[in-house]
Structure formats: C-alpha cells, structure tokens
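Written below as structure tokens is the structure these notes are about.
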Amino acid sequence: MQKDRSNSPAMPSVTGLIHHPYTPPDTFAAPQPGVFKASTVYFPTVADMRQREWKDKSAYTYGLHGTPTTYLLEERLCSLEGGLQCLLVPSGLAALALVALSVLKTGDEVLIPDNAYGPNKALADGELRHFGITHRFYDPMDPQDLSRQITPNTRLVWLEAPGSVSMEFPDLPEMVRRCRERGVLCALDNTWGAGLAFKPFDLLGDGAAGEGSLAVDISAHALTKYPSGGGDVLMGSVITRDAALHLQLKLCHMRLGLGVAANDAETVLRSLPSIGLRYVAHDQTARALAAWWQAQPQCAQLMHPAFEGAPGHVYWQALCDREPGTGLAAGLFSVMIDARFSQAQVDAFCDGLKLFKIGYSWGGPVSLVVPYDIASMRQAWPGHLKPGTLVRFSTGLESAQDLILDLNQSVRAHLPMV
Ligand SMILES: *Cc1c(COP(=O)(O)O)cnc(C)c1O
C-alpha cells in the first residue's frame with residue numbers, strides 16, 4: 001500500500017533566526033581584526049545598489065570585490081611595500097599572471113630575466129604565446145642587454161632581485177632607469193625583498209616614493225612566503241602607485257574572477273606583525289649556514305647576495321646595505337656542489353638531511369632543500385656560475401647550530417672528499 005505523503009512534517013520556521021533583529025555594537029577593539037566572509041553584500045535600497053561605486057574602497061558590492069578583511073590586508077601590504085593600491089590574488093603565480101594579462105595584448109612583447117622564477121617563464125611560453133604575445137629572456141646581470149632587447153613592441157619588463165635559484169642580484173635601479181627611458185612598464189617580482197630588504201617604490205632610498213623617486217611600476221609578491229610565514233597559505237598581491245594602472249589591473253582582476261578566502265586573509269593579517277622579526281631571523285640563520293658552506297671544500301661556489309664574491313654582491317650592497325652592515329638578505333641561498341660529485345651523490349646528500357625537508361616554496365618555520373638542474377633552466381650555462389650541481393637552501397626558524405650539525409652529518413656521509 002502506498003504510504004500517504006500528504007501529511008509531511010511541518011517545516012519549523014527559522015525566518016526569525018535568519019532575520020534576527022540583534023546587531024552587535026560596532027566598537028570592538030582587539031589586536032586581531034574581525035574576519036568578514038561574504039559572497040552577497042546587502043544594499044539598503046535599490047537606489048543604493050545602482051549608485052554604489054565598486055571601483056574604489058568607499059563601500060562594498062560583492063565579496064569577490066572586497067570585504068573589510070581584504071581591504072585591511074591590502075592597506076597593510078601597501079604600507080609594507082610603500083605602494084598606494086593593492087590587489088589580492090590566490091597565489092604568487094596568479095599575481096604574475098594578473099600583471100601579464102592586464103597589460104599585454106596580441107603583438108606585444110614581454111622581457112623576462114633569464115634567471116626568473118620558472119613558472120613565470122612557463123606562462124610566457126604557454127598562454128601568452130598562444131595569445132600572440134611574444135617574449136624574450138635577457139641577461140639579468142647586463143643592463144646593456146636589457147636595453148638592446150627593448151623594441152617598439154616591448155610593453156612589459158619583468159625584474160627579479162635576486163633571481164630565483166641562482167640568486168644573482170641585478171643592478172635594479174639601473175634596469176628600472178633603462179625601462180623609464182624607453183617608456184616601458186616594469187614589474188618587479190618582490191617576493192625575496194618582501195618590502196623589507198629594499199623599497200621597490202623608492203629605489204634610491206631618498207624617501208621620495210612617488211614623484212621624483214626611482215620606482216618600479218608594479219610590485220608583485222608571493223604572500224605565500226614571508227607574509228604568510230607558516231607554509232600554509234597560498235596568496236599573492238599586486239601593488240602599484242598609479243591610480244590608472246591600478247584600475248587597469250583591477251578591471252582584469254574582476255573580469256577573471258580572482259579573489260582570496262577570508263580565512264587565508266586572516267592568517268596573513270595574523271602573521272604580518274611578526275614579518276620583520278622573522279625575516280631577520282631567517283636572514284641570520286641563512287648567513288650562518290652560508291658561512292659554514294664557504295669553508296667546505298665540497299662548495300665550489302656560494303650564491304648568497306650578502307657574501308663577497310657572490311654574483312651581484314655589489315648591487316645588493318648598493319640597494320640593501322646603504323649603511324654597511326645593516327642590510328637584509330632573506331633566508332635563501334644556493335650552493336654549487338663541486339662538479340666531482342655526481343647528481344646521485346648530491347641527491348643522497350639532500351635525502352640524508354634530517355631537519356631540512358625536501359619541498360618547494362619558502363618562508364615558513366621549517367628549513368627546506370631542493371637540488372636544481374641549472375642546465376635545463378637557462379638558455380645557456382651562465383658564465384659567472386662554476387660547474388657543478390646547484391642546491392638551494394631556505395632556512396626556517398630552527399637554531400642555526402642544529403641546522404649546521406645536520407648539514408655536517410649529511411656532507412660527511414654522502415659527499416666524501418677522497
Ligand atoms: C613562490 C614564488 C612565486 C609564486 O608563489 P606561489 O604562491 O607559490 O604561486 C613567485 N615568485 C617567486 C620569486 C617565488 O619565490
């Protein structure tokens with residue numbers, strides 16, 4: 001017999017729960033800001049909805065276009081890097097992609113340093129090429145080469161200081177000057193400097209950010225690294241000081257539907273106050289480890305911009321160490337392991353480390369190690385690099401002494417000199 005469904009259970013009314021009249025008082029002050037989550041944002045009236053200006057931060061229109069949480073993070077990141085406008089995106093790579101997709105069109109060319117973050121090169125060789133946007137790689141250590149490669153089609157020049165993996169520090173002010181002279185936009189991947197080692201919008205250190213000062217046009221930052229500091233958030237930012245350029249980026253950002261999760265923004269807001277302390281700690285540990293490596297016969301070359309003889313050391317000094325001895329240099333360095341050791345031996349050395357974990361990214365509490373195949377990453381083997389196998393270290397927040405003991409045991413076990 002068919003069960004009678006006409007007597008279905010009465011749905012309890014929760015309307016009063018959803019439309020509850022209580023609103024908490026709006027003065028709540030505490031160290032951490034509130035976390036606002038929304039797709040929908042209410043307008044008091046249709047007229048308000050129609051009039052709402054969504055291109056600036058005067059109000060709210062939709063979660064994707066900003067909440068109090070994301071506005072706050074954007075403003076704090078502007079103060080970190082010395083910019084005026086900021087956009088948040090779901091990863092550091094998305095920040096690089098947003099810049100490219102916002103300012104480049106078919107027929108344009110983008111110049112990328114040959115030592116750039118690999119996925120930025122892959123984006124140029126993939127989507128950008130498919131869209132009819134060409135790219136060329138320039139020698140990051142030769143401003144003359146950059147000038148030579150700029151053509152009337154060049155619309156964007158990427159800069160990175162220092163280059164990912166091989167850590168050459170370029171003459172950044174000179175590169176920016178050359179872009180300025182030719183009227184080409186320049187965008188810096190500022191993940192390493194993080195707004196702490198130098199100011200991307202005040203490259204001469206004259207405090208005249210903005211008018212009269214030497215500045216990049218755009219600073220892109222993988223917040224995944226130092227601003228997050230936990231190895232647990234993926235996020236990126238795109239910072240500018242030009243309202244028209246920001247609007248161009250913002251419109252593309254909106255059309256692509258890029259946004260970040262409120263809890264991720266909260267995590268970065270929670271970590272930001274300690275970024276200065278952490279950056280210095282990562283830096284000091286990296287220099288202690290780099291100094292240890294320099295004394296090892298297995299090290300054919302040390303690539304750490306703060307060390308004499310490292311590629312581009314003088315440019316690091318000029319930009320980051322204006323008062324000698326006070327400069328900052330992040331927690332990242334590479335070592336060229338002498339060519340007498342095979343890739344298999346170097347791999348065994350990395351596997352033999354106990355405190356250093358094998359993994360990408362950096363900026364978190366745990367030290368990381370990755371061997372890189374430079375030959376496959378560059379147009380040609382760079383003349384300033386010794387032959388060998390490159391290993392990149394990123395220091396976490398462990399004690400330098402413990403990390404050196406760990407390096408020492410694995411070097412002795414896997415890279416014997418005899
Ligand atoms: C990590 C990194 C990126 C990309 O950041 P993700 O958040 O991992 O996408 C971009 N540039 C540099 C220099 C980086 O180190």
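One-based numbering, in listed order, for ligands and for the atoms of each. The structure presented is a predicted model; accordingly, all values stated were derived computationally and were not measured. Both backbone and side-chain heavy atoms feed into the values below; hydrogens, waters and symmetry mates do not.
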Which residue owns the protein heavy atom closest to [atom], what's the atom, and how far is it?
| atom | result |
| --- | --- |
| atom 15 (O) of ligand 1 | Lys225 NZ, 2.5 Å |
| atom 6 (P) of ligand 1 | Gly92 N, 3.3 Å |
| atom 3 (C) of ligand 1 | Tyr117 CZ, 3.4 Å |
| atom 12 (C) of ligand 1 | Asp189 OD2, 3.4 Å |

Which of the numbered atoms in ligand 1 are below 4.0 angstrom from a heavy atom of [X]?
| X | value |
| --- | --- |
| Leu234 | 7 (O) |
| Glu160 | 13 (C) |
| Thr224 | 6 (P), 7 (O) |
| Ala222 | 2 (C), 3 (C), 4 (C), 5 (O) |

**Location of contacts on Trp362 toward ligand 1, heavy atoms closer than 4.0 Å** =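 Answer for Trp362: side chain.
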**Asked** Side chains of Ser166 and Arg378: do they bring a donor and an acceptor to under 3.5 Å?
**Response**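 Arg378 and Ser166 do have a side-chain donor-acceptor pair below 3.5 Å.
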**Message:** Less than 3.5 Å apart, any donor N or O on the side chain of Thr191 or Asp189 sitting next to an acceptor on the other?
**Reply:** yes
**Asked** Could you go step by step and tell me if Tyr71 and Tyr60 meet the ring pair (Phe, Tyr, Trp, His ring centres under 6.0 Å) rule?
**Response** CA-CA 10 Å; Tyr71 283 1; Tyr60 306 97; 5.1 Å; yes
**Message:** On the six-membered ring of Phe137, is Lys121 placed so that its NZ or CZ lies under 6.0 angstrom from the centre and within 45° of the ring axis?
**Reply:**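 Output yes; distance and angle both within limits.
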**Request:** Identify whether the distance between the nearest side-chain nitrogen and carboxylate oxygen of Arg180 and Asp217 falls below 4.0 Å.
**Result:** yes
**Backbone N/O of Ile337 and side chain of Lys386: donor-acceptor pair under 3.5 Å** = no
**Request:** Check step by step if ring pair (Phe, Tyr, Trp, His ring centres under 6.0 Å) holds for His282 and Tyr226.
**Result:** CA-CA 10 Å; His282 288 294; Tyr226 295 119; 5.3 Å; yes
**Asked** Looking at ligand 1, does Ser164 have a heavy atom less than 4.0 Å from it?
**Response**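 Checking ligand 1 against Ser164, which is what was asked, there is a heavy-atom contact under 4.0 Å.
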**Asked** If you take all heavy atoms of Pro305 and Pro162, which pair is closest and at what distance?
**Response** CG-CG, 4.2 Å
**Prompt:** Are any of the N/O atoms in Leu93 less than 3.5 Å from those in ligand 1?
**Reply:**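 N/O-N/O distance under 3.5 Å: yes.
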